[in-house]
There are 2 protein chains.
Amino acid sequence: MDIVKYRNHDKLLVAVDCIIFGFDGTKLKALLIRRDFEPEKGKWSLMGGFVNKKESVDESAARILKELTGLTNVYMEQLYCFGDTKRDSAGRVVSIAYFALINIEDYTSQLVNTHEAQWFPLESIPKLIFDHKQMINKAKEMLRNKVANHPIGFELLPRKFTLPQLLNLYQAIYNASLDKRNFTRKILSLGILKKLGEKEKETSRKGAFYYTFDRVKYKKLAHEGVNFI
Amino acid sequence: MDIVKYRNHDKLLVAVDCIIFGFDGTKLKALLIRRDFEPEKGKWSLMGGFVNKKESVDESAARILKELTGLTNVYMEQLYCFGDTKRDSAGRVVSIAYFALINIEDYTSQLVNTHEAQWFPLESIPKLIFDHKQMINKAKEMLRNKVANHPIGFELLPRKFTLPQLLNLYQAIYNASLDKRNFTRKILSLGILKKLGEKEKETSRKGAFYYTFDRVKYKKLAHEGVNFI
DNA sequence: CCAAAAGTGTTTCTATTACACCCATGT
DNA sequence: ACATGGGTGTAATAGAAACACTTTTGG
């Protein structure tokens, strides 16, 4: 199919690796699997796979994410292309890393059953194969940058969430403590949150009001960007 | 060489395309070439080439930049991986785009002679092959984001430059006019500029002082990032 | 002496930070 | 009644933005 001129050039294996972030209410976590094929079989690894000739790289990333989580319509973004010659010990593989933000609660059970998947807090990631640790570091950095200007943090929370949960999330992402009053004022001033009548009563006696977000305004801000923190 | 397990997977052509930015004192420009092979031979295009099996993607980008410009040690950064199945009309090619910032003055002549290269102002980019226009747009966006927090704008200027030139550069990048006084105050407050005794006398009767930058402080800021504009 | 671009401070406004007490409720 | 986490406002500070006149010098 490729025309004559291109025939002289090398073809390479192209992989996709996914950094899947989740938030458990306190800690920011990444989903890892035990690799089920050689080399490095049994070692902790990001979920990954190869790009097929007939699918785009984005499609490939979506397919791989679905294989592990069963999820579609997930927030996902391309991170970086890792292209060192020796990055994969078994041969030349160029890997395009993606990161995904998912709501950890709804999917924990099914995730753990497939691929021996497990959530790890970002501070205690085990030894990973190849350059996967580096990929996670880069993803963390990009998440921080992105979250500062785009309200994508919500992707990590359940549909309804409390302000303390949201605060915890941002603190986990920045690994720093934020002023409760300043934070809530700023978030509420964006006008993308709707307060619900209901309260979350598990973590405190008083209970914290649930909020949800206004999809329309949210989409607008997500695209345009705002000064978030 | 690749082990058994990887054999089943498709291998793809992997290309690199370079968005090369330059600044002529007034306008921000991109360097384009007339493509010298089929398909789309003779059409305007970014400088590109294929990644060889034995070189990393970064090395490949550096090699391709050198082929066109003769330059090494150029500021270069990976932009994005473009992976649609139909992006190249002649076959499946995944392309990793890079952008480079070069000092337009020193290299204009040699550039124009090779590959029929030509500088185009960003507002008047001709029709380009494949998704190259999209690549340029993304590079412009990334340049804006990066420049807001990292003093990489200097990469586009000659070793010594005037404050009005620097102002013009930022105005060109942002496509907006900036306040001269606020701008110079802020830039000088970073403490990375050294004022030279000499003046540039071509563009005004009064003449504008040349500045150069303190490499040490510059490097530090370039890495850490600052709030630049 | 005039035209053209360089250089230079102050004030206003806006955004960010710092900070501490009362509230609601389950036990 | 008390322990626990939730909710709320104000004052001080710092950073950003707006703004116009004087300087230099080649022609």
Side-chain angles (χ1 to χ4, degrees), chain A residues 24-27 144 147-149 151 157-158 160-172 174 176-212 221 224-229, chain B residues 24-27 144 147-149 151 157-158 160-212 221 224-229:
Chain A
D24 70 356
T26 315
K27 291 187 167 189
R144 279 182 192 172
V147 142
N149 297 296
L157 292 166
K160 50 185 196 179
F161 52 86
T162 67
L163 291 182
Q165 279 168 8
L166 190 59
L167 177 64
N168 281 340
L169 171 59
Y170 277 82
Q171 293 186 145
Y174 286 106
S177 68
L178 301 173
D179 184 277
K180 185 169 50 157
R181 282 176 287 192
N182 293 338
F183 179 81
T184 53
R185 190 194 1 256
K186 186 143 186 180
I187 293 290
L188 291 174
S189 77
L190 297 174
I192 58 177
L193 294 191
K194 283 192 291 209
K195 191 177 191 170
L196 304 179
E198 216 178 334
K199 278 186 168 184
E200 186 277 323
K201 305 274 290 178
E202 302 213 340
T203 47
S204 79
R205 300 173 197 269
K206 183 177 180 179
F209 280 104
Y210 276 118
Y211 286 78
T212 187
L221 282 186
E224 289 173 5
V226 281
N227 193 4
F228 216 79
I229 297 293
Chain B
D24 70 358
T26 316
K27 290 187 169 189
R144 280 182 191 171
V147 142
N149 297 297
L157 292 167
K160 51 185 193 178
F161 51 86
T162 67
L163 291 180
Q165 280 167 8
L166 190 59
L167 177 64
N168 280 340
L169 171 59
Y170 277 82
Q171 292 186 146
I173 291 173
Y174 286 107
N175 201 23
S177 67
L178 301 173
D179 184 276
K180 186 169 48 157
R181 282 176 288 191
N182 292 338
F183 179 80
T184 55
R185 186 186 15 250
K186 187 144 188 182
I187 292 291
L188 292 175
S189 77
L190 297 175
I192 57 177
L193 294 191
K194 284 193 289 213
K195 191 177 190 169
L196 303 179
E198 215 179 336
K199 277 186 169 186
E200 186 277 323
K201 304 276 291 180
E202 301 213 341
T203 48
S204 79
R205 302 175 196 266
K206 185 177 179 180
F209 279 104
Y210 276 118
Y211 286 79
T212 187
L221 282 186
E224 289 172 4
V226 281
N227 193 5
F228 217 80
I229 297 292

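Chain letters run A, B, ... following the sequence lines, proteins first, then strands; residues in each count from 1. Since we're looking at a predicted model, the values are computed, not measured.
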Quick one: list whatever passes side-chain contact (heavy atoms from CB on, under 4.5 Å) with [X], sequence neighbours left out.
X        : result
B:Pro151 : B:Phe154, B:Ile192, B:Tyr218, B:Leu221, B:Ala222, B:Phe228
A:Lys194 : A:Thr212
B:Lys199 : B:Lys201, B:Lys206, B:Phe209

For [X] and [N], give me the distance from atom [atom1] to atom [atom2], rounded to whole Å.
X        : N     : atom1 : atom2 : result
B:Leu188 : C:dA6 : CG    : P     : 15 Å
B:Glu202 : C:dA4 : CD    : P     : 18 Å
B:Leu166 : C:dA6 : CG    : C1'   : 15 Å
B:Phe183 : C:dG9 : CZ    : C1'   : 19 Å

Inset, instruction - If a pair satisfies side chain to side chain donor-acceptor pair (under 3.5 Å) and one of its residues is in residues 166-177 of chain B, list it, with sequence neighbours excluded. - result: none
Legend entry - Span of DNA chain D in contact with chain B (heavy atoms, under 4.0 Å):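 Extent of the interface on DNA chain D: D:dA16 to D:dG27.
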Inset, instruction - Determine, for nucleotides 19-27 of chain C in 5'-to-3' order, which nucleotides have protein heavy atoms under 4.0 Å from the base (write B), from only the sugar-phosphate (write S), or from neither (write -). - result: BB--BBBBS
Legend entry - Partner residues of A:Lys195 under the salt bridge (Lys or Arg N to Asp or Glu O under 4.0 Å) criterion, sequence neighbours left out: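 Partners of A:Lys195 by the salt bridge (Lys or Arg N to Asp or Glu O under 4.0 Å) criterion come out as none, since no residue qualifies.
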Legend entry - All salt bridge (Lys or Arg N to Asp or Glu O under 4.0 Å) counterparts of A:Asp24, not counting sequence neighbours: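 Applying salt bridge (Lys or Arg N to Asp or Glu O under 4.0 Å) to A:Asp24 gives A:Lys29.
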Inset, instruction - For B:Arg181, enumerate each residue passing the side chain to side chain donor-acceptor pair (under 3.5 Å) test, keeping only those at least two apart in sequence or located in another chain. - result: none
Inset, instruction - Could you tell me whether A:Thr162 contacts a base, only the sugar-phosphate backbone, or nothing, with contacts defined as non-hydrogen atoms closer than 4.0 Å? - result: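 The answer is nothing, as A:Thr162 stays clear of every strand by at least 4.0 Å.
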Inset, instruction - Apply side chain to side chain contact (heavy atoms under 4.5 Å, CB included) to B:Leu167 and B:Leu178, showing your working. - result: CA-CA 8 Å; B:Leu167 177 64; B:Leu178 301 173; 3.9 Å; yes
Inset, instruction - Hey, which sits more toward the 5' end of DNA chain D by its nearest nucleotide, B:Lys186 or A:Ala208? - result: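 Closest to the 5' end, via its nearest nucleotide, is A:Ala208.
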